There are 2 protein chains.
Amino acid sequence: METETQKTEARPGAKPAGKREQTKVQNRQTILEAARQVFADLGYGATTVRDIIRATPLASGTFYNYFKSKEEVFQAIHDESALRIRPRLKEERAKARTIEEFISGMFLTFFEFVVGDEDNFRAIQRNTDTLRVRMDTPEVVAGFDELREDLEKAIDQGVFPPVDADYMMAMLVGVAFEMAERMLRRDDHDIETAATFATALFMGGVRNLPHRKVTAVNGGPA
Amino acid sequence: METETQKTEARPGAKPAGKREQTKVQNRQTILEAARQVFADLGYGATTVRDIIRATPLASGTFYNYFKSKEEVFQAIHDESALRIRPRLKEERAKARTIEEFISGMFLTFFEFVVGDEDNFRAIQRNTDTLRVRMDTPEVVAGFDELREDLEKAIDQGVFPPVDADYMMAMLVGVAFEMAERMLRRDDHDIETAATFATALFMGGVRNLPHRKVTAVNGGPA
DNA sequence: CAGAAAAGTTGACGTTGTGTCACGAGTTGA
DNA sequence: TCAACTCGTGACACAACGTCAACTTTTCTG
């Protein structure tokens, strides 16, 4: 037994960390991890709550102590994802001194995130009762709000031309997600090239785009 | 599955149009219509096959004479949609003499289609198990292939700069769908403005976008 | 035009998945 | 050490699924 683990004046930042609290956190994480995996494998629609449970050592009833439905785990995964990528995106935007930096930073960061944890993105992206869910969770909403604010700030500061933030966001998000999906679908992990293309579109339109992507590159990204 | 009736001598071009054949077509249409409605209302994930049936005068078993699952009706709706919009898009592309015409034609046509039959788009878009249009139903696949061909042809003819067709498609599709969704979400039916923005992006990037400020709708979903 | 064959409809039924709950094992704190 | 409490457990009641044998309607045949 961990007789050691008494709740003596614990470390400052640490949690209460009773044994109880500890397994609770663990279980939640276990379920989330299993769900991510199963969703990525079977697709959201095809997986049952029991599939998720079966991928853990837990009993069926336990699931419902942590999430009240399949949809809720899904949202949790979503939320966690947003939580992870938000600061990265925000930092990137803060660093940006020009529109180009702003935009390319966003794309690169996003693509890195997607390719860096493919299963995670597959889990939330390949399936879903779609946008409704994507937009609902607090972290996700906060992330979009943040982007919008920064966009408007950049516009005010003259870094960005005075475009409509709504349309702008739709375009950024649309391109980002569609390209990400396409990359995963084709097992294309070349995030630099993808970001280069996307950025070029926003910087100067079609005429500005690099020429055909040479798959086995010799020239490298323009 | 289409066991053509082994009639000794059916009319040549016309439909067989026996009473039987007729109600068969009717029933299929009834179910499709009901499904479109219910999907649009409840969302794909939340609707049950019984919900669809209940919205028709038919019995539960009958559903399965026409579609083998909820997913299959969904695909059928998808397919039908693609069937309807494909020729319109193709025609638009054929008419185009410049890149700008090509692009703005696509956006306008698509937005018209979406706003013109909102329920239909809601049914297939707001829900789904594979994100976006990517149900690989024949008509949908054909539609994308067509677009790609036309794109490549335009590139060969020098109307389009020699961009990578893959990326190009991802960008077009991404922007089109995301903007469409956003419009429906905000009850914004101004397809001209939307098309203008999207086209401007593709023609000259952010700096080229109209400076119009629009509705000060609050950020956030719904 | 009757009667048989074919095609289609129907709803009850076996099956699978969902979410709850009473119980008991494990943990905490005195 | 023991009472109080928390959480894990799996059986259960309920909901939706998809099938199928019986039945109805249409079509075919003589």
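What you see is a predicted model, and the numbers here were worked out from it, not measured in a lab. By convention in this document, chain letters (A, B, ...) are assigned in the order of the sequence lines, proteins followed by strands, and residues within each chain are numbered from 1.
The distance between atom CD of Gln22(B) and atom P of dT9(C), rounded to the nearest whole Å, is 13 Å. Whole-Å rounding puts the Lys19(A) NZ to dT28(C) C1' distance at 12 Å. A straight line from CD of Gln26(B) to P of dT9(C) spans 11 Å, rounded to a whole angstrom.
By the salt bridge (Lys or Arg N to Asp or Glu O under 4.0 Å) test, Arg88(A) pairs with no residue at all, sequence neighbours left out. Listed by chain and residue number, Phe160(A) satisfy the ring-ring contact (aromatic ring centres under 6.0 Å, His included) test with Phe102(A) (two or more places apart in sequence, or in another chain). Partners of Phe202(A) by ring-ring contact (aromatic ring centres under 6.0 Å, His included), not counting sequence neighbours, listed by chain and number: Phe107(A).
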Name the atoms and distances for all side-chain donor-acceptor pairs under 3.5 Å in residues 52-60 of chain A, with sequence neighbours left out.
residue, atom, partner, partner atom, Å
Arg54(A), NH1, Asp51(A), OD1, 2.9
Thr56(A), OG1, Ile53(A), O, 2.8
Thr56(A), OG1, Leu58(A), N, 3.1

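Separation of the Phe177(A) and Phe110(A) ring centroids falls under the 6.0 Å cut-off.
Within residues 47-56 of chain B, the residues approached by DNA chain D to less than 4.0 Å at the level of any non-hydrogen atom are Thr48(B), Val49(B), Arg50(B), in residue-number order.
Taking the six-membered ring where tryptophan is involved, the planes of His78(A) and Phe74(A) are perpendicular, since the angle between them exceeds 60° and thus also 30°.
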All N/O pairs under 3.5 Å across the protein-nucleotides 4-8 of chain D interface:
residue, atom, partner, partner atom, Å
dT6(D), O2, Arg20(A), NH1, 3.3
dT6(D), O2, Arg20(A), NH2, 2.6
dC7(D), OP1, Lys24(A), NZ, 2.9
dC7(D), O4', Arg20(A), NH2, 3.1
dG8(D), OP1, Asn27(A), ND2, 2.5
dG8(D), OP1, Tyr66(A), OH, 2.7
dG8(D), OP2, Asn65(A), ND2, 3.2

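Here the closest heavy-atom approach between residue Tyr66(B) and residue Thr23(B) is recorded as OH-O, 4.2 Å.
Of the possible donor and acceptor atoms, one in the side chain of Lys70(B) sits under 3.5 Å from a partner among the backbone N and O of Thr47(B).
For dG18(D), the OP1/OP2 oxygens have a side-chain nitrogen or oxygen of Tyr64(B) closer than 4.0 Å.
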